[in-house]
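Inspection log for the structure reproduced underneath, given as structure tokens.
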2 protein chains.
Amino acid sequence: MHKHENCNCNECPHHVECGGENIDKVKLFENKMITEEEAYYVSELFKAISDLTRVRILFSLLAGDMCVCDITELVGVSQSAVSHQLRVLKQAGLVKYRREGKTIYYSIADDHVSSILAMGLEHISE
Amino acid sequence: MHKHENCNCNECPHHVECGGENIDKVKLFENKMITEEEAYYVSELFKAISDLTRVRILFSLLAGDMCVCDITELVGVSQSAVSHQLRVLKQAGLVKYRREGKTIYYSIADDHVSSILAMGLEHISE
DNA sequence: ATAACACATGAATAAGTGTTCATATGTTAT
DNA sequence: ATAACATATGAACACTTATTCATGTGTTAT
């Protein structure tokens, strides 16, 4: 870390003293640090649960498989909006689907997803 | 549910047949359904973990308390950006902080947050 | 009091996101 | 084949959001 003036630029970190005491712990942890790629996937995962409509869809599906029209009715937005959001949830691996004739049934992808949802609900209820 | 033509409007749900078989389960579940308010808080919670920078900040803090300048160095974005995102995390109740002289130390708010982060990381590692 | 430091914040801008509207796709019944 | 149904999708628009830049606030040392 080099000497500097009071600037906020990125290349010239503007702390000298505080870095001294913690820098060892920092360096130590830098190896175990989550990778950029992992962090990205984690953020994408939670991004899929960060929208009101998608959350309502997911909690609806906790009751069991459900077709798009039922979800639409439960959530109370347009069928188109539900379809768009189901695609996001599908791409995030949070839901899966099966076709039965004209109807397509969506469901929670696995128990892991249920757990995450449960933790979220639990967390806000404190 | 009333008779309808082939329209996509919200007031005129366009399914007749598929509603028949599932509508009981739907009605049954409508009572236990997550409230709009709960869903909103859940979505806000996960929204706070839905950004790459914030995820990297949170996983950094899993190593222990850390001052803003160390976080800035670890995450590799500007100090201003880190401060802005720390505010989001603080408002979401995911981190807390304490002041020691000029330095402000941030830390994970509680074990619940750690659990949610761990589940996220675990989920993407499959 | 002044200067340097550690951090926060307001404004502005660019990029991303969710909904609606219109229409397309795939399925079933006639 | 045609019509009706269940769902998906592309384009457009309003809205949100993350960063940067400049500056402000609070603290410590001189």
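In what follows, every chain begins at residue 1, and chains take the letters A, B, ... in the order their sequences are listed. Heavy atoms only: backbone and side chains are in, while hydrogens, waters and symmetry mates are out.
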[X] vs [N]: side-chain N/O to OP1/OP2 distance below 4.0 Å:
| X | N | answer |
| --- | --- | --- |
| Lys47(B) | dT17(D) | yes |
| Gln85(A) | dT17(C) | no |
| Thr53(A) | dT19(C) | yes |
| Tyr106(A) | dA8(D) | yes |
| Thr103(B) | dA6(C) | no |

Rounded to whole angstroms, how far apart are [atom1] on [X] and [atom2] on [N]?
| X | N | atom1 | atom2 | result |
| --- | --- | --- | --- | --- |
| Ile104(A) | dT27(C) | CD1 | P | 9 Å |
| Lys102(B) | dA6(C) | NZ | P | 5 Å |
| Leu86(B) | dC7(C) | CG | P | 10 Å |
| Arg98(B) | dC7(C) | CZ | C1' | 15 Å |
| Asp51(A) | dA14(D) | CG | P | 20 Å |
| Arg87(B) | dT19(D) | CZ | P | 13 Å |
| Ile57(A) | dG18(C) | CD1 | P | 11 Å |
| Gln91(A) | dA8(D) | CD | C1' | 12 Å |

- Query: Can we say Asp51(B) and Lys47(A) salt-bridge, meaning some charged N sits less than 4.0 Å from an Asp/Glu carboxylate O?
  - Reply: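 Here Asp51(B) does not pair with Lys47(A) in a salt bridge, since their nearest N and O are not under 4.0 Å apart.
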- Ion pair check, Arg98(A) and Asp65(A), cut-off under 4.0 Å: yes
- What's the spacing between Gln85(A) CD and Ile71(A) CD1 if we round to 0.5 Å? 11.5 Å
- Query: Which value, rounded to the nearest 0.5 Å, describes the distance between Ile34(B) atom CD1 and Phe59(A) atom CZ?
  - Reply: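 Answer rounded to 0.5 Å: 4.0 Å.
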- Message: Once hydrogens and angles are ignored, does a donor-acceptor distance under 3.5 Å link the base of dA6(C) to the side chain of Gln79(B)?
- Response: no
- Query: So does His84(B) reach the base of dT17(D) with its side chain, donor to acceptor, closer than 3.5 Å?
  - Reply: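 A donor-acceptor contact between them is absent.
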- Indicate the ring-plane relationship of His123(A) and His112(B), choosing parallel, tilted or perpendicular according to the 30° and 60° boundaries. perpendicular
- Find which nucleotide of DNA chain C each of Ser80(A) and Arg54(A) is nearest to by heavy atoms, and output the residue with the more 5' nucleotide.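 Looking at DNA chain C, the more 5' nearest nucleotide goes with Arg54(A).
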- Message: So Tyr97(A), base contact, sugar-phosphate only, or nothing? Heavy-atom distance under 4.0 Å.
- Response: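 Contact class for Tyr97(A): none.
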